[in-house]
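When reading the values below, keep in mind they use all heavy atoms of this one structure, side chains included, and skip hydrogens, waters and symmetry mates. Proteins get letters first, then strands, A, B, ... in listed order; numbering begins at 1 in each.
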Amino acid sequence: MAGEQVEKRVKYKSSVKDPGTPGFLRIKEGMLLFVPNDPKSDSKLKVQTQNITQKFTKEGSNKPPWLNLTIKQLLGRSHIFEFENYPDMHACRDFITALGKSDEEPKKAAVLTSTEQLSIKELEIRFKLLRENSELQRLHKQFVESKVLTEDEFWATRKKLLGKDSIRKSKQQLGLKSMMVSGIKPSTDGRTNRVTFNLTPEIIFQIFAEKPAVRQAFINYVPSKMTEKDFWTKYFRAEYLYSTKNTAVAAAEAAEDEELAVFLKPDEILARETRQKIRRVDPTLDMEADEGDDYSHLMDHGIQRDGTMDVVEPQNDQFKRSLLQDLNRHAAVVLEGRSIDVDSEDTRIVAEALTRVKQVSKGDGETTKDANQERLERMSRVAGMEDLQAPQNFPLAPLSIKDPRDYFESQQGNVVNVPGVAKGLKRNVHEAYGLLKESIVEIRATGLSDPLIKPEVSFEVFSSLTRTISTAKNIIGKNPRECFLDRLPKSTKDEVLHHWTSIQELPRHFWSSYPITTPYLHTKVGKLKDAMSNTYSKLDAMKESVQSDLRHQVSLLVRPMQQALDAAFQHYEADLQRRTAKSSGGERPNGYV
Amino acid sequence: MIFKIEDVTVYFPYDNIYPEQYEYMVELKRTLDAKGHCLLEMPTGTGKTIALLSLITSYRLSRPDSPIKLVYCTRTVHEMEKTLAELKVLHDYQVLHLGTQAKILAIGLSSRKNLCVNTKVLAAENRDSVDAACRKRTASWVRALSTEKPNIELCDYFENYEKAAENALLPPGVYTLEDLRAFGNNRGWCPYFLARHMVQFANVIVYSYQYLLDPKVAGIISKELQKESVVVFDEAHNIDNVCIEALSVSVRRVTLEGANRNLNKMKHEIDRFKATDAGRLRAEYNRLVEGLALRGDLSGGDQWLANPALPHDILKEAVPGNIRRAEHFVHVLRRLLQYLGVRLDTENVEKESPVSFVSSLNSQAGIEQKTLKFCYDRLQSLMLTLEITDTDEFLPIQTVCDFATLVGTYARGFSIIIEPYDERMPHIPDPILQLSCHDASLAIKPVFDRFQSVVITSGTLSPIDLYPRLLSFTPVVSRSFKMSMTRDCICPMVLTRGSDQLPVSTKFDMRSDPGVVRNYGKLLVEMVSIVPDGVVCFFVSYSYMDGIIATWNETGILKEIVQQKLVFIETQDVVETTLALDNYRRACDCGRGAVFFSVARGKVAEGIDFDRHYGRVVVMYGVPFQYTLSKILLARLEYLRDTFQIKEGDFLTFDALRQAAQCVGRVIRSKADYGMMIFADKRYSRHDKRSKLPGWILSHLRDAHLNLSTDMAIHNAREFLRKMAQPYDKTGTMGRKTLLTQEDLEKMAETGVQDMAY
């Protein structure tokens, strides 16, 4: 809806008898604009589209197509627009109706006051969120159940979580680990020649995905011909033969054992898939086509042995498979991701599901038209030079970070690890801050320019910020990566984190209640203030209780939290004083309780 | 934007233009005006291709009375596709502004393998069998025969195309290979023959180098191009190698065995014809007495590869008497095979000039030089007479005849080298007789002579004065452009030591040192953990890459790399490499990040771009020298020293450094792009090596970055990446304009180009 607009040629009448001013009616989201053709005319009109009621003349009646808009906010003043024809009018009408709806929706959600009106679906979502997020659950328990906040107040600040996106996001599939399967090393008991492999469903899935022939063999042989254990024993025997690189032995064993040979032979299913994929490859990197065009290197033509092309032992030996091929194949499978939604321990089910998926994708391969089209579009898009033309706006994918804390800490680790930070950056925090201040002043003076902030400035500010935070944190730690929090006893650490989240929660509600315009808000602020002073004293208690060597650090951590609370208390006191002063003054401004 | 360069109105499909693109166009225009040849070096990432295309097409539009044709040569098919994609953008823009008069016909041309739409023909495995499968369905005698025997399979696409005859034309537009195939499929016409037919009408032809440089192909495809053509060789830094390769042939044992089998089969056919259709052989004999008039009047399906020697070297005279008769010719070939077999049976490396080879051939096998020279044409005539369609099976005898013709035609610029085994694998006997060309100017000479303007351009043509000597031509314009940078968006570094301060190098005595291998690995491990998106590594050779990856795998370094990014590798199998590249790009697109391992001088290094997020850092492991003990290389160096007074060492360094520059130069595509280049070898810190790098890289190579260890390089990389992530002013700062708008150009036109701040 955003950004859409309707523009029509109309005559504007302030009353029914008005002959009307010809001009344009433009309706955008939230705004209705009438521009008369005659610029000198004073009947320009600009109104909000909220709360519009509309009346209109019916098609077929002998009246001209009129649309009568009444805007409630302006004491029911009505505007009449005469359109050139009916379709124009209907278009406008529908557009306004649609606008009204989209405006209303969020309002409704906010107006709801009791849980009874919530649909079951929404409740389910809330429960689900609470179940999945223990931190949220604790907060909910603490504040809602102790009646500091109502259910709705609690959720009102978390609308985003309730939105549809979050539901979809939680369904995001886990990717595959990038470790190579060939990296699994057997464990030995050290005395005998016996080795043991530990196969997890994850590993089995990877083997099946990377080696369709093994998958097929599993479906064919297990359990009709051999047990699953025998199957895997054979498989690892074959892997062992590969790793010895002794092709003669491999060939000999394959000749004796038909099932073993399956693992040792080149993978035909894979070869077929490859042939299919190569047809869909981006033509700008299709080197196979290139080879098809190269007549200079027709059999024995061109230069053979001048050292530009080097010789590697012949690869065509069928019992030889190179590490390089394995690596490519593995990376391709990881990139494809987990394509099946089967979460089963049963190996056979996994194998069959994978085979099905492959067949489906093969079926898709037949209808390559869309893929082709997309490929061509991409090609023409990439063909252009990016900075010579206006920027293209690509849709953004939301960044999904499981725990922002992890991300932040890993970034700090990076900064601290830089060996020569000190000599690389000469400026200290104050200078960086000074720079930032300077540029803010400059922006005030000259207005915004492109880019907003000079790159050097933002770079300085950014790096010194990260550095101060990390040094403060790491000065005490011997290991730079070790976080201070990890050194606290677990109970204290949890407590600190919990207080931190509740201090994020409470002041948010507190500040959003100002200015206090209803008695409801008044009591709410009171409750919140009590809860906050409660937390404040708890923080003090915690500070006292920690061991002396950690106390300094803990108080450093706690200080910003307490500062936040202090600010809230101050505001509360000041507001209270002002209000008592005003009420004693007698005259109450409109709207104050 | 639309602007004027002197009297030509240039239509450029973007809102802005780089100053170097503008200058490039100015130089190009002067070349076209002078109807001469030129040599232009412009850094990658400054939009050479679009500048070229837009100037030449605009030039054509401004001279409607004498329209020039553009023949654009790329090294690879995928570059051809890229060029056509850019041309499409340009064409759309010109049509938008000028209407239908700006319409042109532009086609890409490739082999049957890439253009055929007949599924049965395409089922054949490789290029040669596709060609043969096509001939089996389209040769004139097969089609004639099919009127009698309806069960002979023909190609419907070709039949439809033949039926449409003169009406089979492509409407104006820009056609990539895919577009041609789609068009062919729609109309039911054969895209390959249609495209070849359209070559004479097209305004722009894009195809690969060899269609112009290799006489075997050029003789068929390009012989009818008019003189008023502008020929462009893009990415031409390796053009000398392409030229000498086009005229080089070698013969192995398998070739001789195959050729013998071919002769047996031909003998059998001759006998059969003698019994059934003796008149045909007699007709051929008569034709040969009159001279070789058969070339030129063949229908499309009958054509083969043309004579391997250059057109101006082939004399128009009658075929010598002793090979006019089919069976005599077969005898002569048998003697030749026998002689070559004897020569292959050597224990030592032998080097000979063509003259002495021909004279010993004459004394020992009784084959004269003139006879040798006609071998190829005589073979072609015989194969047509015998109605042989499975040409792929007759490749060995064709190779031998190519060899004979070349050795009989050229007396200088070539040498013959016989090696009993490959230098690097002495335990495997693999005798080979190589006729190798040393003189790059031979193959390109007819191009310079025939066409009005030849443009040779690339990102790396340093030293620029060497190319006119190697190719022996005089350019009217020869310039090397610098790049005006908006910010320091490339960051070359020379890494000489690992974190443990031990030197790193791929010098022969050091390359397998475990310390070097480990330090190289550690460098990559650190890099993948700090660089976003794509990382590309180039190694000096396949065998080296193979070895080092195996070692990394054993020592766990590979595992550490895989934890950060996916790993894709170029292998010797092109199909696999193509898929690996495709996956690599997808991994970079989706944000997963990947590393690509590749080989300098390999197929990937030759033509794949690692621009934007596809390559934020390129690591060049070692200096990609050629294998200096190769006999062919030594012979070539000797020739260069004797003819051009180019020192061996200089040429080798030049060659190695142009390869290295080519590898690392692919990281940027525009000024908005950025990337790092790490030269990981202590030898790069020496001035004689480093100075051979192109100027635009050198100018960004700071003294502080000349002798780095791994940890310092990592530190620099972090700083660089952080700096690049900041917003910046695209149009350039401090009075230096790096991006010009229409107004800037108009202002410049008034005050003169000199004012442009570089």
Side-chain angles (χ1 to χ4, degrees), chain A residues 178-180 183 274 277-278 281-296 298-308 310-312 315 322-325 327-328 331-332 334-335 376 379-380 383-390 418-420 424 450-452 455 458-459 463, chain B residues 14-16 47 76-78 81-82 85-86 89 110-111 113-114 127 208 210 214 217 245-246 248-250 255 395 399 422 424-425 436 541-543 550 562 566-569 571 574-575 577-583 587 601 603 608 626-627 630 632-633 670-672 711 715 726-728 730:
Chain A
S178 32
M179 202 192 76
M180 288 272 286
T274 310
K277 275 188 201 151
I278 194 84
V281 96
D282 186 344
T284 55
L285 38 76
D286 190 354
M287 289 190 293
E288 205 232 355
D290 197 35
E291 197 163 73
D293 201 27
D294 185 4
Y295 281 94
S296 281
L298 201 66
M299 179 191 183
D300 287 334
H301 287 72
I303 289 173
Q304 308 282 322
R305 263 187 215 162
D306 69 338
T308 47
D310 53 339
V311 271
V312 176
Q315 296 269 331
S322 72
L323 171 67
L324 306 189
Q325 281 169 321
L327 278 168
N328 277 336
V334 172
L335 189 63
L376 289 177
M379 228 176 99
S380 63
M385 295 193 59
E386 45 187 341
D387 58 339
L388 294 183
Q389 54 193 348
V418 176
D450 185 37
L452 268 180
S458 51
F459 179 58
S463 56
Chain B
Y14 299 110
D15 300 334
N16 297 299
T76 56
V77 175
H78 47 266
E81 297 272 8
K82 248 185 318 194
E86 291 197 51
V89 175
S110 183
S111 63
K113 173 95 170 35
N114 294 335
R127 189 240 351 260
S208 78
Q210 39 179 323
D214 191 334
V217 198
E245 285 215 88
S248 298
V249 192
S250 49
T255 327
L395 277 177
T399 305
D422 193 303
R424 281 165 293 182
M425 301 166 98
S436 81
S541 68
Y542 276 115
S543 46
V562 167
L566 294 176
V567 171
F568 295 97
I569 305 171
T571 64
V574 275
V575 175
T577 307
T578 306
L579 288 181
L581 267 173
D582 197 46
N583 283 327
R601 295 172 193 282
K603 287 225 154 60
I608 303 291
Q626 290 195 58
Y627 175 66
S630 146
I632 292 196
L633 182 62
S670 70
K671 289 180 186 176
D711 43 352
H715 171 67
Q726 309 301 317
Y728 71 104
K730 278 202 289 190

Is there a donor-acceptor pair under 3.5 Å between the side chain of Asp286(A) and the backbone N or O of His78(B)?
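Such a contact is absent between Asp286(A) side chain and His78(B) backbone.
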
Can you check whether Val77(B)'s main-chain N or O pairs, donor with acceptor, with Asp293(A)'s side chain at less than 3.5 Å?
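No, Asp293(A) side chain to Val77(B) backbone: no donor-acceptor pair under 3.5 Å.
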
Which one wins on heavy-atom pair count under 4.5 Å against chain A: Leu581(B), Leu395(B), Thr399(B)?
Thr399(B)

Choice from Ser250(B), Ser670(B), Gly47(B) maximising heavy atom contacts with chain A below 4.5 Å:
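Looking at each of Ser250(B), Ser670(B), Gly47(B) in turn, Ser250(B) comes out on top.
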
Within a strict 4.5 Å, meaning less than it, do heavy atoms of the Lys603(B) and Glu291(A) side chains meet?
yes

Under 4.5 Å from any heavy atom of chain A, what part of [X] do you find: side chain, backbone, both or neither?
X: Asp214(B); answer: side chain
X: Thr76(B); answer: both
X: Ile569(B); answer: both
X: Val575(B); answer: both

For salt bridge (charged side-chain N to carboxylate O under 4.0 Å, His left out), just list the numbers for Arg127(B) and Glu288(A), CA-CA rounded to whole Å, side-chain angles, deciding distance to a tenth of an Å, and then say yes or no.
CA-CA 10 Å; Arg127(B) 189 240 351 260; Glu288(A) 205 232 355; over 6 Å; no

Tell me which of these, Thr274(A), Thr284(A), Val281(A), has more heavy-atom pairs under 4.5 Å with chain B than the rest.
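The answer is Thr284(A).
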
Just how far is it from atom CG of Leu579(B) to atom CD1 of Ile278(A), taken to the nearest 0.5 Å?
4.5 Å

Asp294(A) CG to Gln210(B) CD distance, which is reported to the nearest 0.5 Å
5.0 Å

